[in-house]
Amino acid sequence: MSSIAAVGESYQKFNPRAYLQNNYMPPRADFSSEDCVVPWKLRCLAEAFATGDIHGRTLIDVGSGPTIYQLLSACDHFEEIVATDYLEVNREVLRRWVQNEPDGFDWSPYIKHACRIEGKGEQWKEKEQKLRGKLRQILPIDVHQPEPLGSQLCQPADALVSTFCLEAVSPDRPSFERALRNVTTLLQPGGHFLLIGALEESFYLAGEAKLSVVPVSEADVKEALRKSGYHIHDFRAYLMPPGLKIGVDDVSGVFFVHAQKPPVA
């Protein structure tokens, strides 16, 4: 447990503004090219929700960080969206966005792009307000606990989303697999899990913080999901091009998975 404690300690220096600058501004957020990593992630999520299979009352976002892009395509499919993060600084960033406070990160290019690729003719301001209205809870979470949300969860969610969380807070592969098993308890049988993460990454920067990441391969991710009982519907991998390797991490690529927890027999 000491290494998990060390991970938690290292995150006390996490700088949300620096993290957003490194990963969610150009060159990584270039909306003029579908081949850029950020549009790729938005398209993966939009296409998963467009199947119509992922819907229900509640969606939980596991380890939201200071970002909301991963929830844009979920708006129409759930009555309530619950954001979660280990760090109070990230939860505060999310609260400020929900309350439309000034000086926050500008997510409008993301919202506009999501509207564009979904092709429903929705105005981006409508989507923005819809997500703010549905993001009713922002809760602390610890994915290394058997009950990651403690007593805050009334009943399991209909779906989970998680982006760049489990591998980024796990000191080794067994911890990563345990964290996945822990968060699976938040999902009802038959529920869907959309998971995005880093491939073969060992560190990333967020201001003064240099955060260790457990390097995982496509095979590692698939094996961990199978061990937790999931059926994989879709698995995609994105190879990070040289132009997007900008020194803020050593990531080689990004994975996207749509997996489903088996229904009760």
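Here the structure is a predicted model, which is why all the values come from computation and not from measurement.
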Nearest non-hydrogen partners of [X] and [Y], listed with the distance:
X	Y	value
Gly56	Asp158	C-OD2, 3.6 Å
Thr58	Ala157	O-CB, 3.6 Å
Leu205	Asn22	O-ND2, 3.1 Å
Cys36	Pro27	SG-O, 3.4 Å
Asp85	Arg91	O-NH1, 2.8 Å
Pro39	Asp30	CG-O, 3.3 Å

Worksheet entry | Tyr110 and Phe31 aromatic ring geometry - parallel, tilted or perpendicular at 30°/60° bounds |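 Phe31 vs Tyr110 ring planes: perpendicular.
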Item to complete: Can you label the angle between the Tyr11 ring and the Phe14 ring as parallel, tilted or perpendicular, going by 30° and 60°?
Response: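 Geometry flag for Phe14 against Tyr11: parallel rings.
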Report the distance from atom [atom1] of [X] to atom [atom2] of [Y], rounding to the nearest 0.5 Å.
X	Y	atom1	atom2	value
Arg178	Lys227	CZ	NZ	11.0 Å
Glu177	Leu225	CD	CG	10.0 Å
Leu186	Ile60	CG	CD1	5.0 Å
Leu71	Leu94	CG	CG	8.5 Å
Glu34	Arg43	CD	CZ	4.0 Å
Leu45	Ile117	CG	CD1	8.5 Å

Going by atom types alone, do [X] and [Y] pair a side-chain donor with an acceptor below 3.5 Å?
X	Y	result
Gln137	Gln152	no
Glu118	Ser73	yes
Glu208	Asn15	no
Thr67	Gln70	yes
Asn182	Gln145	no
Asp61	Ser64	yes

Worksheet item: Going through the distances and angles, do Tyr69 and Tyr24 end up as a ring-ring contact (aromatic ring centres under 6.0 Å, His included)?
Response: CA-CA 10 Å; Tyr69 73 93; Tyr24 296 99; 5.1 Å; yes
Under a single-linkage definition using a 4.5 Å side-chain heavy-atom cutoff for Ile, Leu, Val, Met, Phe, Trp and Tyr, are [X] and [Y] assigned to the same hydrophobic cluster?
X	Y	answer
Val89	Trp97	yes
Val254	Met25	yes
Val161	Ile232	yes
Tyr19	Val248	no
Phe164	Trp40	yes

Item to complete: List the steps, then state whether side-chain contact (heavy atoms from CB on, under 4.5 Å) holds for Ser212 with Val7.
Response: CA-CA 8 Å; Ser212 296; Val7 170; 5.9 Å; no
Non-hydrogen side-chain atoms of [X] and [Y] separated by less than 4.5 Å:
X	Y	result
Asp220	Phe176	no
Glu88	Arg95	yes
Ser228	Leu180	yes
Ile4	Pro171	yes
Phe105	Ile68	no
Leu160	Leu194	no
Pro148	Asp142	no
Lys261	Tyr230	yes

Practice prompt. Please determine if Glu122 and Lys112 form a salt bridge, counting it only when a charged side-chain N lies under 4.0 Å from a carboxylate O.
Written response: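 A salt bridge is absent here (no side-chain N lies under 4.0 Å from a carboxylate O).
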Discussion item. With a 4.0 Å cut-off on N to O distance, would you call Arg236 and Glu218 a salt bridge?
Written reply: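 Here Arg236 does not pair with Glu218 in a salt bridge, since their nearest N and O are not under 4.0 Å apart.
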Worksheet entry | Criterion side-chain contact (heavy atoms from CB on, under 4.5 Å) on Phe203 and Val213, from CA distance to verdict | CA-CA 5 Å; Phe203 80 92; Val213 182; 5.5 Å; no
Under 3.5 Å: donor-acceptor pair, side chain of [X], backbone of [Y]:
X	Y	answer
Gln12	Gly8	yes
His144	Val169	yes
Ser252	Leu199	yes
Ser162	Val62	yes
Glu167	Ala198	yes
Asp250	Ser202	yes

Discussion item. Working note: Val257 + Asp234, criterion side-chain contact (heavy atoms from CB on, under 4.5 Å); need CA distance, chi angles, decisive distance, verdict.
Written reply: CA-CA 6 Å; Val257 190; Asp234 188 16; over 6 Å; no
Discussion item. If the test is side-chain contact (heavy atoms from CB on, under 4.5 Å), which one of Lys134, Gln129, Lys130 qualifies with Arg132?
Written reply: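 Exactly one pass, corresponding to Gln129.
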Discussion item. Using the rule given for side-chain contact (heavy atoms from CB on, under 4.5 Å), can you reason through Cys115 versus Trp124, listing the C-alpha separation, both sets of side-chain angles and the distance that settles it, and then say yes or no?
Written reply: CA-CA 6 Å; Cys115 289; Trp124 76 270; 4.1 Å; yes
Practice prompt. Please report the C-alpha distance between Arg136 and Glu79 in whole Å, then the side-chain angles of each, then the deciding distance to 0.1 Å, and finally whether the salt bridge (charged side-chain N to carboxylate O under 4.0 Å, His left out) criterion is met.
Written response: CA-CA 10 Å; Arg136 295 176 199 153; Glu79 298 171 28; over 6 Å; no
Practice prompt. Go through the steps for Asp76 and Lys120 under the test salt bridge (charged side-chain N to carboxylate O under 4.0 Å, His left out), then give the verdict.
Written response: CA-CA 11 Å; Asp76 292 330; Lys120 300 174 185 174; 2.9 Å; yes
Item to complete: Count the heavy atoms of every other residue, nucleotide or ligand shown that sit under 6.0 Å from CZ of Arg28, and state whether that count exceeds 12.
Response: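 Yes, enclosed.
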Discussion item. Surrounding CD of Glu92 (heavy atoms of other residues, nucleotides or ligands, distance under 6.0 Å), is the total greater than 12?
Written reply: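 It does: Glu92 CD has more than 12 such atoms within range.
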Discussion item. Tell me whether Lys210 forms a cation-pi arrangement with Tyr204, defined as NZ or CZ under 6.0 Å from the six-membered ring centre and within 45 degrees of its axis.
Written reply: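 No, cation not above the ring by the 6.0 Å, 45° rule.
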Discussion item. Tell me if the centroids of the rings in Phe255 and Tyr238 come within less than 6.0 Å of each other.
Written reply: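 Ring centroids of Phe255 and Tyr238 are no less than 6.0 Å from each other.
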